[in-house]
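Since the model is a prediction, treat every value here as computed from it, not as a measurement.
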Amino acid sequence: MKRSIAAGAAFALFAVFFWITLTIRWIAGDGALMAAEMLDTAPPEATGLAPEEYPAMGSLTAAFLTGTGRFQMTRTGENGEEIPYFHDYEEAHMEDVRGLIRLDTAVMWITLAAAALLAAAGILLRNPRAFARGILLGLGILLAVLAGFLAWALMDFESLFITFHRVAFTNDGWLLDPRTDLLIRLMPEVFFMRLGVRGLARALAMPAGLAAAAWLILRKKKNTVPRGQEH
């Protein structure tokens with residue numbers, strides 16, 4: 001029974017982490033979403049971009065984060081020269097961000113494999129009620145952690161935002177100046193807040209589904225469980 005509970009809790013943790021990393025990958029690769037949020041949170045009067053340039057900027061960002069190539073756009077100057085939109089250090093920072101997305105993608109596949117193995121283990125242990133209780137235990141742990149981060153974000157999002165960057169990046173490339181750097185004007189804090197809200201709404205679907213499935217299993221009559229499996 002204890003093994004089934006442990007397997008259920010671990011399954012819930014890995015399944016939710018898979019879904020979270022999948023959600024991050026989805027957002028990073030959605031150029032239309034990027035463009036829409038940029039336009040809403042960083043309008044032309046704040047960035048200097050024309051409205052018709054935003055779709056290309058969103059597509060560039062998504063393609064770069066989830067693929068290869070260079071993070072750069074150019075405009076034609078008065079003398080016909082190509083003028084880049086981003087400084088080399090802005091490009092370098094986006095390279096760092098792409099590294100995080102690649103790490104996220106690797107974790108996504110690892111957690112999917114782990115969740116699949118644990119689900120198989122749950123079937124082999126033949127104690128679905130204990131496995132379901134383990135799922136609820138794992139979800140409870142995740143809920144407590146999430147509640148802590150949500151409270152932090154609601155009380156002081158800027159502090160959470162800065163802490164994340166200091167942990168995620170080994171350099172100060174993310175410390176940009178909105179007076180000179182288009183990247184920070186395109187992606188202010190509110191841009192990430194809105195993407196975070198969208199991501200959270202999508203990410204909650206997995207734990208909600210797991211919780212519903214676990215409760216359905218636990219509601220079954222005990223006499224449907226083989227004798228000796230419940231203690």
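A distance-only check finds a donor-acceptor pair linking the side chain of Glu90 to the backbone of Leu183 [under 3.5 Å]. Under a 3.5 Å cut-off, the side chain of Arg102 and the backbone N or O of Gly67 do form a donor-acceptor pair. Side chain of Asp104 to backbone of Leu100: no donor-acceptor contact under 3.5 angstrom is found. Panel note: side chain Glu45, backbone Pro43; no donor-acceptor pair is recorded below 3.5 Å. The backbone N or O of Arg202 lies less than 3.5 Å from a partner atom in the side chain of Trp19, making a donor-acceptor pair. Looking only at distances, a side-chain donor or acceptor of Arg129 sits under 3.5 Å from a matching main-chain atom of Lys220.
Side-chain atoms of Leu160 and Met155, non-hydrogen and from C-beta on, never get closer than 4.5 Å to each other. Here the side chains of His87 and Leu182 are not in contact, with every heavy-atom distance at 4.5 Å or above. Using a 4.5 Å heavy-atom threshold, the side chains of Val97 and Phe169 count as touching. The shortest side-chain heavy-atom distance between Met187 and Thr61 falls under the 4.5 Å cut-off. Looking only at side-chain heavy atoms (C-beta outward), Phe191 and Leu186 stay at 4.5 Å or farther from each other. Within the 4.5 Å cutoff, the side chain of Tyr89 has heavy atoms near those of the Asp181 side chain. Contact check for Phe64 versus Glu95: side-chain heavy atoms found under the 4.5 Å cut-off. Under the 4.5 Å side-chain criterion, counting only non-hydrogen atoms from C-beta, Thr66 is not in contact with Thr105.
Heavy-atom contacts from other residues, nucleotides or ligands closer than 6.0 Å to CZ of Phe18 number more than 12. Around the CH2 atom of Trp215, the shell of radius 6.0 Å holds no more than 12 heavy atoms that belong to other residues, nucleotides or ligands.
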Assess the residue pair Glu53 and Arg75 against the criterion (salt bridge (charged side-chain N to carboxylate O under 4.0 Å, His left out)); give the C-alpha distance rounded to whole Å, side-chain angles, the decisive distance to 0.1 Å, and a yes or no. CA-CA 10 Å; Glu53 292 181 284; Arg75 60 183 174 85; over 6 Å; no
Evaluate Leu22 against Leu112 for side-chain contact (heavy atoms from CB on, under 4.5 Å), listing each step before the verdict. CA-CA 10 Å; Leu22 177 64; Leu112 175 60; over 6 Å; no
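Note on Phe157: it clusters hydrophobically with Leu175, by side-chain heavy-atom contacts below 4.5 Å among ILVMFWY residues. Following chains of ILVMFWY side-chain contacts shorter than 4.5 Å, one can reach Leu33 starting from Ile24, so the two form part of one hydrophobic cluster. When the side chains of ILVMFWY residues are joined at heavy-atom separations under 4.5 Å, either directly or via intervening members, Leu200 and Ile20 end up in two distinct hydrophobic clusters. Under a hydrophobic clustering in which Ile, Leu, Val, Met, Phe, Trp and Tyr are joined whenever their side-chain heavy atoms come within less than 4.5 Å, directly or via other members, Val16 and Val107 fall into different clusters.
Between Phe161 and His165, the distance separating the two ring centers is shorter than 6.0 angstrom.
For Phe86, the ring-ring contact (aromatic ring centres under 6.0 Å, His included) partners at least two apart in sequence or on another chain are Phe71.
With no hydrogens or angles considered, a side-chain donor-acceptor pair links Glu82 and Thr76 at under 3.5 Å.
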